[in-house]
Colleague: 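Input: one structure, supplied below.
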Amino acid sequence: MDYKQIVADAVSSVVDGKVSTNDIYAKIEKPKTSANGDISFPAFILSKELHKSPQVIAQEIVDNINGESFEKVVAAGPYVNFFLDKGKVSHQVIETVLTEEEHFGDNHQGEDRVVTIDMSSPNIAKPMSMGHLRSTVIGNSIAKILTKNGYKPIKDNHLGDWGTQFGKLITAYLKWGSEEDVKRDPIHYLVQYYIRFHKEDEIHPEYDEEAREWFKKLEDGDPEAVHLWKWFREVSLEAFNQTYKKLGVEFDTYNGESFYNEKLQDVVDTLKKDELLEKSQGASVVDLSDENLNPALILKTDGASLYVTRDIATAIYRDETYHPVMNLYVVGSEQTYYFKQLKAVLKKMGLDSAAGLHHIPFGLITVNGKKLSTRHGNIVLLNEVLDESVKMAKQQIVEKNPDLKDKDRVAEEVGVGAIVFGDLKNSRIDSIDFNLQEQLKFEGETGPYVQYAHARAQSILRKAKSDYINSDNYALTNEDAWEVIKLIQAFPEIVKRANAEFEPSVVAKYSLKLAKAFNKYYAHTKILVEDDELNARLALVKSVSIILKESLRLLGVKAPNEM
RNA sequence: GUCGCAGUAGCCCAGUUGGAUAGAGCAACGGUCUUCUAAACCGUAGGUCGAGCGUUCGAGUCGCUCCUGCGACACCA
């Protein structure tokens, strides 16, 4: 039921067609405070057309309106404020949610079209840091939001499993490595070797030469090089998968850079054939001056390929394999310019994916204002943060709910939920100066706050004796309940907006608002009282619980029934 | 230097396509658990929305100029 449309029609009939219903509809807004009604119409825009002051017009609308759909309609200066019929609307909203359950808010805008999402993309032999968390959880949430909007997302973990760093790693391993150590704690030791390499090559520049040779061997299929590379890749993936399991994230494909390696020559050939490639300072570039961009470097002076080449191969492969309507890259904002170049090159090549390419940037994570760097050992390990948070959650559970069964599972859901929610709560583009203490807070605007509201709702439902599903009247008029109802009613719009903006924070912010409104209602109204409205109250609690759980699901956060 | 992003309460952030007195959370102070989980609720205090012009009936929101911070600017990804 579109109440804005009802208002637009009502206003339109009063102004006698001098302003179109669509124009009126577009101007209708939601007042910031409920004191000003549920929907309001600013009469300013009619002022010119009708040659009257907005105050007079507002009063005329009130005098002539057909107010049967509303509790009341009042003029407040230049505004006309509409108060909806709370009982009628609450009944209708709750009934819809209880019927559709977790599918409330689903839409078919995507028409089953495929969207590829390039996300997470950790580098082999390097630990996942908080930076990878962002790409992973943002991509994961966007995938869920896309699905709710009728799209078919394909989550592709574009692993960093190729490149000159493997020459360095092999060199370092052969110099200082130990097989047992790597088997015991692969990432930890591989990183140690990598860091040591970068320390020592400052004194021993010849190490760089060795590394180059090993990478060359790897490219040429030398058995020892390939064996080590495969091994590093395998143990790294195992370690990554443990983290992904904790986060509850799964991928459709793991086509890393090595996967596209053999397709690079085709890319270069195609570029040559299309006469897009030109020499510049010894390197091969695609000129993009007509797009007002710097040239894209395709091949280095020594003829070696670069990441653009691989990304072009990736785009071609995805076009051919999935025919996606959109091609998303969840990658840090520092690469914005690069993605403009990539898009421009794809466009010149006439590839389908050019139009649908969207870079989904997110802000940089720093520690004490400094950029993270594996090389310099300046990293915040994702696993450690998650473990710490789970530990903290466990502690709180032991304190606050000692009788809870399944403490460890719930601690996992709450602890991980806090970190994931904390990352998704703010606009993607905001940069974050990481602070562990800040991340481990479970009070106020946090994931656990929303989870807690859901758990309390569940708790009430467990204790309820009556069978509210049989109720045919969900009318509520209580003010606190009304705020909750209005938020529930807004959920489908939230789902659409989050999708249009590729912005999980829209859902996170919404879930906080709903949880807050519900907590307020819960604090002031006793639900389990035997009276005429009991069924309606329980139905509302059930609806809230459904929407909170669904909101958290869209963010990739679990909603335990008890905590 | 050029381009991009950002600047809202002590801190961290909301603020839909311009609309009514700029809102939360944290931190501070005070109150609420024999009653549906106090990870909660209620209250107090806290602001020249970076600065200045402009467009408009109306600007945190749009335009221009400037200031500050971060990022990017070909042989890393």
Side-chain angles (χ1 to χ4, degrees), chain A residues 26-27 29-33 35-36 40 42 44-45 47-48 53-54 76-79 81 121 123 158 160 163-165 257 280-285 292-302 304-308 310-311 331-338 340-341 361 363-364 366 369 371 393 396-397 399-401 403-404 414 418 425-427 429-433 435 438 441-453 455-464 493-494 497 501 505-506 509 512-513 515-516 519-529 537-538 541 562-563:
Chain A
K27 284 290 170 186
E29 54 193 73
K30 228 188 291 170
K32 284 184 186 123
T33 73
N36 289 331
S40 87
F44 305 102
I45 49 156
S47 190
K48 260 182 205 160
S53 80
Y79 289 89
N81 294 332
S121 311
N123 293 317
H158 201 244
T164 49
Q165 71 267 26
E257 292 166 8
S280 169
Q281 295 168 36
S284 300
V285 304
N292 236 335
L293 293 166
N294 292 331
L297 190 61
I298 306 290
L299 293 175
K300 297 199 248 183
T301 313
D302 65 3
S305 63
L306 279 138
Y307 47 93
V308 205
R310 254 167 246 135
D311 272 337
V331 179
S333 62
E334 68 273 14
Q335 292 189 39
T336 299
Y337 190 79
Y338 165 70
K340 276 188 191 164
Q341 290 180 309
L364 203 65
T366 52
K371 249 180 113 164
Q396 298 244 18
I397 290 169
E399 249 171 63
K400 297 173 194 223
N401 198 353
D403 298 331
L404 181 65
V414 173
K425 162 178 79 162
N426 292 332
S427 309
I429 204 72
D430 288 350
S431 49
I432 297 176
D433 194 46
N435 176 325
E438 210 56 45
K441 283 197 172 138
F442 296 165
E443 285 158 25
E445 294 178 335
T446 64
Y449 177 91
V450 180
Q451 290 174 319
Y452 184 59
R456 290 169 113 190
Q458 282 296 318
S459 175
I460 293 174
L461 295 172
R462 276 196 303 276
K463 286 181 175 143
E493 277 307 311
I494 293 294
R497 188 151 81 91
E501 297 174 16
S505 72
V506 167
K509 290 258 160 58
L512 283 168
K513 259 198 208 167
K516 200 174 293 185
N519 277 337
K520 183 171 182 173
Y521 175 60
Y522 175 101
H524 298 289
T525 305
K526 177 90 178 155
I527 312 290
L528 294 175
V529 181
R537 285 195 302 271
L538 284 171
V541 172
E562 291 179 73
M563 62 187 272

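Note that these values count all heavy atoms, side chains included, but never hydrogens, waters or copies made by symmetry. Below, read A as the first sequence line, B as the second, and so on, with proteins coming before strands; counting in each chain starts at 1.
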Colleague: Please give the nucleotide sitting opposite B:G18 as a Watson-Crick or G-U wobble pair, both distances under 3.5 Å, or none.
Modeller: none
Colleague: Want to settle it: does A:Ile432 or A:Ile527 sit nearer the 5' end of RNA chain B, counting the closest nucleotide to each?
Modeller: A:Ile432
Colleague: Tell me which nucleotide, if any, is Watson-Crick or G-U wobble paired with B:U68 when both distances must be under 3.5 Å.
Modeller: B:A6
Colleague: Provide the Watson-Crick or G-U wobble partner of B:A38, both distances under 3.5 Å; none if there is no partner.
Modeller: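 Matched B:A38 with nothing under the 3.5 Å cut-off.
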Colleague: Which one is paired to B:C13, where only Watson-Crick or G-U wobble pairs with both distances under 3.5 angstrom count?
Modeller: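 Base partner found: B:G23.
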Colleague: Let's test this: given Watson-Crick or G-U wobble pairing with both distances under 3.5 Å, identify the partner of B:C73.
Modeller: B:G1
Colleague: Give none if B:G46 has no partner; otherwise give the nucleotide forming a Watson-Crick or G-U wobble pair with it, both distances under 3.5 Å.
Modeller: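 Here B:G46 is not engaged in any pair, so there is no nucleotide opposite it.
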Colleague: Measure CZ/A:Arg456 against C1'/B:A38 and give the value in whole Å, please.
Modeller: 7 Å
Colleague: As a test of reading the structure: which of B:C26, B:A20, B:U21 is closest to the side chain of A:Thr33, going by heavy atoms?
Modeller: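 Taking heavy atoms from C-beta onward, the closest nucleotide is B:U21.
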Colleague: Could you tell me whether A:Lys516 and A:Glu445 make a salt bridge, using a distance below 4.0 angstrom between a side-chain N and a carboxylate O?
Modeller: yes
Colleague: With RNA chain B as reference, determine whether A:Arg462 or A:Lys441 sits nearer its 5' end, using the nearest nucleotide of each.
Modeller: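 Nearer the 5' end of the strand: A:Lys441.
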Colleague: May I ask which nucleotide in the shown strands pairs with B:C33, Watson-Crick or G-U wobble, both distances under 3.5 Å?
Modeller: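 For B:C33, the partner nucleotide comes out as none, under the 3.5 Å rule.
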Colleague: Let's see if you can work this out: which of B:A39, B:C76, B:A20 has an atom nearest to the side-chain heavy atoms of A:Tyr307?
Modeller: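 My answer, after comparing the listed nucleotides, is B:C76.
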Colleague: Examine B:A77: is either OP1 or OP2 under 4.0 Å from a nitrogen or oxygen in the side chain of A:Arg310? Give yes or no.
Modeller: yes
Colleague: Using a distance-only test with no angle check, is there a side-chain donor-acceptor pair under 3.5 angstrom linking A:Thr366 and A:Asp433?
Modeller: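 Yes, a side-chain donor-acceptor pair sits under 3.5 Å.
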Colleague: Please confirm whether the shortest side-chain N or O distance from A:Lys516 to OP1 or OP2 of B:C41 is below 4.0 Å.
Modeller: no
Colleague: Is A:Lys520 close enough to B:C41 that one of its side-chain N or O atoms is under 4.0 Å from OP1 or OP2 there?
Modeller: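 A:Lys520 to B:C41 OP1/OP2: no side-chain N or O under 4.0 Å.
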Colleague: Rounded to whole Å, please give me the gap between CD in A:Glu438 and C1' in B:C26.
Modeller: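 Spelled out: CD on A:Glu438 to C1' on B:C26 is 7 Å.
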Colleague: What is the distance from CG of A:Asn294 to P of B:G1, rounded to the nearest Å?
Modeller: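 Spelled out: CG on A:Asn294 to P on B:G1 is 18 Å.
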Colleague: Specify the separation, in whole Å, of atom CG of A:Asp433 and atom P of B:G69.
Modeller: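 Between P of B:G69 and CG of A:Asp433: 16 Å.
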Colleague: Do A:Tyr522 and A:Ile460 have side chains that get closer than 4.5 Å, going by heavy atoms?
Modeller: yes
Colleague: Any side-chain N or O of A:Ser431 less than 4.0 Å from the OP1 or OP2 oxygen of B:G71?
Modeller: no
Colleague: Does B:C33 count as syn, meaning its glycosidic angle lies within 90° of 0, or as anti?
Modeller: syn
Colleague: So does A:Arg537 get a side-chain nitrogen or oxygen closer than 4.0 Å to the phosphate oxygens (OP1/OP2) of B:C36?
Modeller: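 For A:Arg537, the contact criterion (side-chain N or O under 4.0 Å from OP1 or OP2 of B:C36) is not met.
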Colleague: Checking side chain to side chain contact (heavy atoms under 4.5 Å, CB included) for the pair A:Phe442/A:Gln451: CA distance, chi angles, key distance, verdict?
Modeller: CA-CA 10 Å; A:Phe442 296 165; A:Gln451 290 174 319; over 6 Å; no
Colleague: Could you tell me the Watson-Crick or G-U partner of B:G60, where both distances fall under 3.5 Å? Say none if there is no partner.
Modeller: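 Pair assignment: B:G60 / none.
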Colleague: Salt-bridge test for A:Arg497 and A:Glu501: reply yes if a basic N is under 4.0 Å from a carboxylate O, no otherwise.
Modeller: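 A salt bridge is present here (some side-chain N lies under 4.0 Å from a carboxylate O).
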Colleague: Taking OP1 and OP2 of B:A38, is either one under 4.0 Å from a side-chain nitrogen or oxygen of A:Lys400?
Modeller: no
Colleague: Rounding to an integer number of angstrom, what distance separates B:G18 and B:C75 when you compare their P atoms?
Modeller: 42 Å
Colleague: At less than 4.0 Å, is any side-chain N or O atom of A:Tyr338 found next to OP1 or OP2 of B:G71? Yes or no.
Modeller: no
Colleague: Keeping A:Ser431 on the side-chain end and A:Leu364 on the backbone end, is there a donor-acceptor pair under 3.5 Å?
Modeller: no
